[in-house]
Amino acid sequence: MAEKLNLETLESWLWDSANIMRGHIDSSDFKNYIFGLLFLKRASDQFFEEAQIAAEQEGIPLEEAIEDEDFHRFYVPQVAWWANITKKSENIGQAIDQAFSAIEEHNSSLEGVMTTVHFGDSEKLPDTLLSRLLNHFNKHSLANADLENPDILGNAYEYLIREFADAGGKKGGEFYTPKEVVQLLVQLIKPEAGNSVYDPTCGSGGMLIESAKYIAAHGGMVGEFVDCTLKGQEKNLGTWAICKINMIVHNFKDSDIRKGDTLGSPKHIINGELETFDRVIANPPFSLKEWWEAAESDLKTDAKGKTITPKYKVKVSDEYGRFKYGIPPRGYGDFAFLQHMVSVLKQNGKMGIVLPHGVLFRGGSEGKIREGLLKNDLIEAIIGLPEKLFYNTGIPASIIIINKSKPEHLKNRVIFIDASNEYKEGKNQNSLASEHIAKIVEAYDIWTKVQTPNTQETNGDGTSVPQKLENKNWTKVQTPDVGQNLGAEVLTSQNEKYIRLVDRKEIQENDYNLNIARYIDTSDEEVIVDINAVLGRISEIEAKEKEIDSKLGGFLRELGF
């Protein structure tokens, strides 16, 4: 019996396919071709495996099982059968393009996905190269029976996305958020079974998939399916196609991933209104310029050739009323994405967004937006991340947690966490280790889980007693202003250089500036010097020095010096 394909072999095999293409196309384009061929091979192998199983179980001829679409997850017409394509010796690129078109025609869920990349350019992809590439892909079967387990395809796909981002640098990293940051964000917002999860800038789908994995790991399975709904939108056509395939190889075929500009043309609409979700999660492009395309005007230059950025000729006007707290500046789209996410968040929902630090303190319209969010008590936590975590920028980022239904003890307060020193140093890029993620999540949970319904007790006045938590990094203290509201103890950090719960009044006194350094003092404590003690110690040293000199002089005299 042949040995089944494991993850290590699969990853190496797929990465070698990229090496075959080196020198022919730009490395940032590898992913489009490799992912297309990977899906074509997988679809064809699975198609014939499904037919074989159906023939055996139904007692029908194999040919009948092949033709019956009811037996197949995706129907693969003859022109797209892998065996037929590998027989080609010329015009191979055109044959692959025809295969993709035929698959789309027979599977409406794949419309526009396969044909985003074209193999028919013989100058870029000559038959000799494609023949070598197809022979390489022919080494292993991708049918379920030949895989160590079906999950390895999804894991290998994630590996390729990460490796292409590493190899492509900034260009490759435009659609990829490091997995550790994704895991941190998911663990902070904690999606639950039955939740709808939405990412308005979903890229290759990593945040949605990680959310589903989190739900599955916490008991959210119904049979072989995860009990959740995944929806997203992506502007870049090639990345949208990659996301669709990524969802398929992770067995989320029914996910709803749409293409288009989320800010200018949101696609998840119900009866003319924005659809709302239980969890909203995103890492939008940092400080996107010219983010409202409908209002853009031509740029002009001054006498010195310097670009002049004019104000919008057309007023930013959103039919869905998403920018209720203010219109972000033209050069910074960060709060446009955040306000969109707030607009599609259910009243009992929670969202997390990764944004550059500038959103915490920049003034002007962004300051007004922060003020509005704080006055409406939407911001639950601000978490400062280390620098050099992302592929497309070395600047440190921050996570903003929005909760429309904050627990009573957090109302009109914001949790600040300075996690800027929580990282594993790398040569070109830093990363979050599992212990860093755990420390950040634990610090956040200590505050948000002070009260939980399943462990609730009440005081004599009917207020809730907080959950009893034991942790060596934390201590229970009486906080007067909070105690007045709850009549109970709350938890606070022993080290306010890492985490603080800050009252909105203090933030208001800082003109609604959310710069973490204003609330968490990270400077080293000054060492208090006792001058008298130091002088006394110096006197002791001088006395001992004289004693040593005297003894040394005696020894030298005895020796005749």
Asks: Check for a donor-acceptor pair, side chain of K190 on one end and backbone N or O of Q187 on the other, with a separation under 3.5 Å.
Replies: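 Confirmed, K190 side chain pairs with Q187 backbone.
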Asks: Indicate yes or no for a side-chain donor-acceptor contact from R322 to the backbone of L263 under 3.5 Å, with no hydrogens or angles considered.
Replies: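 Yes, R322 side chain to L263 backbone: donor-acceptor pair under 3.5 Å.
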Asks: Looking at CD1 of I400 and CG of L360, how far apart are the two atoms once the value is rounded to the nearest 0.5 Å?
Replies: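 One finds 5.5 Å between CD1 of I400 and CG of L360.
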Asks: Where the side chain of R370 meets the backbone of Y512, is there a donor-acceptor pair that is under 3.5 Å apart?
Replies: yes
Asks: Any side-chain to backbone donor/acceptor pair from K259 onto K235? Under 3.5 Å, distance only.
Replies: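 No, because the side chain of K259 does not come within donor-acceptor range (under 3.5 Å) of the backbone of K235.
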Asks: One pair to check against side-chain contact (heavy atoms from CB on, under 4.5 Å): Q339 and I369. What are the steps and the verdict?
Replies: CA-CA 9 Å; Q339 289 188 89; I369 293 170; 3.6 Å; yes
Asks: Tell me, do E11 and L7 make a side-chain contact under 4.5 Å, heavy atoms counted?
Replies: yes
Asks: Is any side-chain heavy atom of T229 less than 4.5 Å from a side-chain heavy atom of V197?
Replies: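 Side chain of T229 against side chain of V197, heavy atoms only: no contact under 4.5 Å found.
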Asks: Rounded to the nearest 0.5 Å, what separation is found between the CZ atom of F361 and the CG atom of N510?
Replies: 14.0 Å
Asks: Of all heavy-atom pairs between G206 and V182, which one has the smallest distance, and what is that distance?
Replies: O-CG1, 3.8 Å
Asks: Would you mind reporting whether M247 and L208 have side-chain heavy atoms less than 4.5 Å apart?
Replies: yes
Asks: Quick one: does any side-chain atom of D511 pair with a main-chain N or O of N513 as donor and acceptor, under 3.5 Å?
Replies: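 Side chain of D511 to backbone of N513, a donor-acceptor pair under 3.5 Å: no, none is there.
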Asks: Would you compute the distance between atom CD of Q429 and atom CG of L389 and round it to the nearest 0.5 angstrom?
Replies: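 Q429 atom CD to L389 atom CG measures 7.5 Å (nearest 0.5 Å).
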Asks: Pair L385, S398 - check side-chain contact (heavy atoms from CB on, under 4.5 Å), show working.
Replies: CA-CA 5 Å; L385 298 178; S398 61; 6.0 Å; no
Asks: Centre-to-centre under 6.0 Å for F39 and F74, is that the case here?
Replies: yes
Asks: Keeping the roles fixed (side chain from K404, backbone from V342), state whether a donor-acceptor pair exists under 3.5 Å.
Replies: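 Side chain of K404 to backbone of V342, a donor-acceptor pair under 3.5 Å: yes, one is there.
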Asks: Under the criterion side-chain contact (heavy atoms from CB on, under 4.5 Å), which of E180, K424, E425 is the partner of N430?
Replies: E425
Asks: Any side-chain donor paired with an acceptor under 3.5 Å for K267 and S265?
Replies: yes
Asks: State whether the side chain of N246 and the backbone N or O of S204 hold a donor-acceptor pair below 3.5 Å, judged by distance alone.
Replies: yes
Asks: At their closest point, which heavy atom of I417 faces which heavy atom of I440, and how far apart are they?
Replies: CD1-O, 4.0 Å
Asks: I'd like to check P407 versus T448 (side-chain heavy atoms, cut-off strictly below 4.5 Å). Are they in contact?
Replies: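 Sidechains of T448 and P407: no contact.
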Asks: If I compare all heavy atoms of H436 with all of Y423, which pair ends up nearest, and what's the gap?
Replies: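 Residues H436 and Y423, closest heavy atoms: CE1-C, 3.2 Å.
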Asks: Ignoring hydrogens and angles, tell me if any N or O in the side chain of S405 forms a donor-acceptor pair with the backbone of Q347 under 3.5 Å.
Replies: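 Between the backbone of Q347 and the side chain of S405 there is a qualifying donor-acceptor contact (under 3.5 Å).
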Asks: More than 12 heavy atoms of other residues, nucleotides or ligands under 6.0 Å from OH of Y320: is that the case?
Replies: yes
Asks: Would you sort out whether E506 and R500 count as a side-chain contact (heavy atoms from CB on, under 4.5 Å), showing the intermediate values?
Replies: CA-CA 12 Å; E506 181 179 345; R500 268 194 72 206; 3.0 Å; yes
Asks: Looking at every non-hydrogen atom in both residues, tell me the closest pair between V354 and P284 and how far apart they are.
Replies: O-CD, 3.6 Å
Asks: Taking the ring centre of each residue, are F416 and W447 less than 6.0 Å apart?
Replies: no
Asks: Where does the angle between the aromatic ring planes of F164 and W15 fall among parallel (under 30°), tilted (30 to 60°) and perpendicular (over 60°)?
Replies: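 If you compare the ring of F164 with that of W15, the planes turn out tilted.
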Asks: Output yes when a side-chain donor or acceptor of T262 lies under 3.5 Å from a complementary backbone atom of P200, and no otherwise.
Replies: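 Yes: the side chain of T262 pairs with the backbone of P200.
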Asks: Show your working on side-chain contact (heavy atoms from CB on, under 4.5 Å) between I353 and I281 and close with a plain yes or no.
Replies: CA-CA 6 Å; I353 183 172; I281 185 170; over 6 Å; no
Asks: Could you grab the distance from atom OH of Y198 to atom CD of E275, nearest 0.5 Å is fine?
Replies: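 Y198 OH to E275 CD: 9.0 Å, rounded to 0.5 Å.
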Asks: Can you tell me if NZ on K253 sees more than 12 non-hydrogen neighbours from other groups inside 6.0 Å?
Replies: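 Yes.
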Asks: What are the two closest non-hydrogen atoms of G352 and I401, and how far apart are they?
Replies: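 Looking at all heavy atoms of both residues, the shortest contact is CA-CD1, 4.0 Å.
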Asks: Taking side chain as C-beta onward, heavy atoms only, is H268 less than 4.5 Å from D256?
Replies: yes
Asks: With a sphere of 6.0 Å drawn around CD of E435, does it hold more than 12 non-hydrogen atoms of other residues, nucleotides or ligands?
Replies: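 Count over threshold, so yes.
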Asks: Could you tell me if E158 and H250 have a donor-acceptor pair between their side chains, going purely by distance under 3.5 Å?
Replies: yes
Asks: Under the side-chain contact (heavy atoms from CB on, under 4.5 Å) test against F390, which residue among P356, P396, P178 passes?
Replies: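 It is P178, the one option of P356, P396, P178 that forms the side-chain contact (heavy atoms from CB on, under 4.5 Å) with F390.
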Asks: Could you tell me whether the side chains of S287 and D334 share a donor-acceptor contact shorter than 3.5 Å?
Replies: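 On atom types as modelled, these side chains qualify, holding a pair under 3.5 Å.
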Asks: Looking at I209, I215, N251, which hits side-chain contact (heavy atoms from CB on, under 4.5 Å) with V226?
Replies: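 Exactly one option meets the side-chain contact (heavy atoms from CB on, under 4.5 Å) with V226, and it is I215.
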Asks: Quick check for you: to the nearest 0.5 Å, what is the distance between T177 atom OG1 and R162 atom CZ?
Replies: 13.5 Å
Asks: Counting the benzene-type ring for Trp, do F335 and F323 have ring centres under 6.0 Å apart?
Replies: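 No, the ring of F335 stays outside the 6.0 Å limit from the ring of F323, centre to centre.
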Asks: Give me the atom names and distance for the closest heavy-atom approach of E366 to P329.
Replies: CG-CD, 3.6 Å
Asks: Tell me yes or no: between the side chains of D418 and S420, is some donor less than 3.5 Å from an acceptor?
Replies: yes
Asks: Quick one about S196 and D278 (side-chain donor to acceptor, distance below 3.5 Å, no hydrogens or angles considered), yes or no?
Replies: yes
Asks: Establish, yes or no, whether the cationic atom of R362 lies under 6.0 Å from the six-membered ring centre of Y332 and within 45° of the ring axis.
Replies: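 Here R362 passes the 6.0 Å and 45° test against Y332.
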Asks: Please list every donor-acceptor pair under 3.5 Å in which a side-chain atom of residues 373-380 meets a protein atom from a residue at least two apart or in another chain.
Replies:
unit_1, atom_1, unit_2, atom_2, d
K375, NZ, E371, OE2, 2.7
N376, ND2, Y325, OH, 2.7
D377, OD1, K406, NZ, 2.7
D377, OD1, N412, N, 3.0
D377, OD2, N412, N, 2.8
E380, OE1, K350, NZ, 3.2
E380, OE1, Y444, OH, 2.3
E380, OE2, N403, ND2, 2.8

Asks: Does NZ or CZ of K439 lie under 6.0 Å from the centre of the six-membered ring of Y498, at an angle within 45° of the ring axis?
Replies: yes
Asks: Would you compute the distance between atom SG of C228 and atom CE of M221 and round it to the nearest 0.5 angstrom?
Replies: 9.5 Å
Asks: Would you check if P285 and L288 make a side-chain contact, meaning some heavy-atom pair closer than 4.5 Å?
Replies: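 P285 reaches L288 side chain to side chain.
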Asks: More than 12 foreign heavy atoms under 6.0 Å from NZ of K368: is that the case here?
Replies: no
Asks: Is there side-chain contact between I152 and N6, with at least one heavy-atom pair below 4.5 Å?
Replies: no
Asks: Are Y214 and H218 near enough that their ring centres are under 6.0 Å apart?
Replies: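 Here the rings of H218 and Y214 have centres that are less than 6.0 Å from each other.
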Asks: State whether E234 and K244 are salt-bridged, where the test is any N-O pair (Lys NZ or Arg NE/NH1/NH2 against Asp/Glu carboxylate O) under 4.0 Å.
Replies: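 The answer is no: the pair does not qualify as a salt bridge.
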Asks: Do the non-hydrogen side-chain atoms of W291 and K289 ever get within less than 4.5 Å of each other?
Replies: no
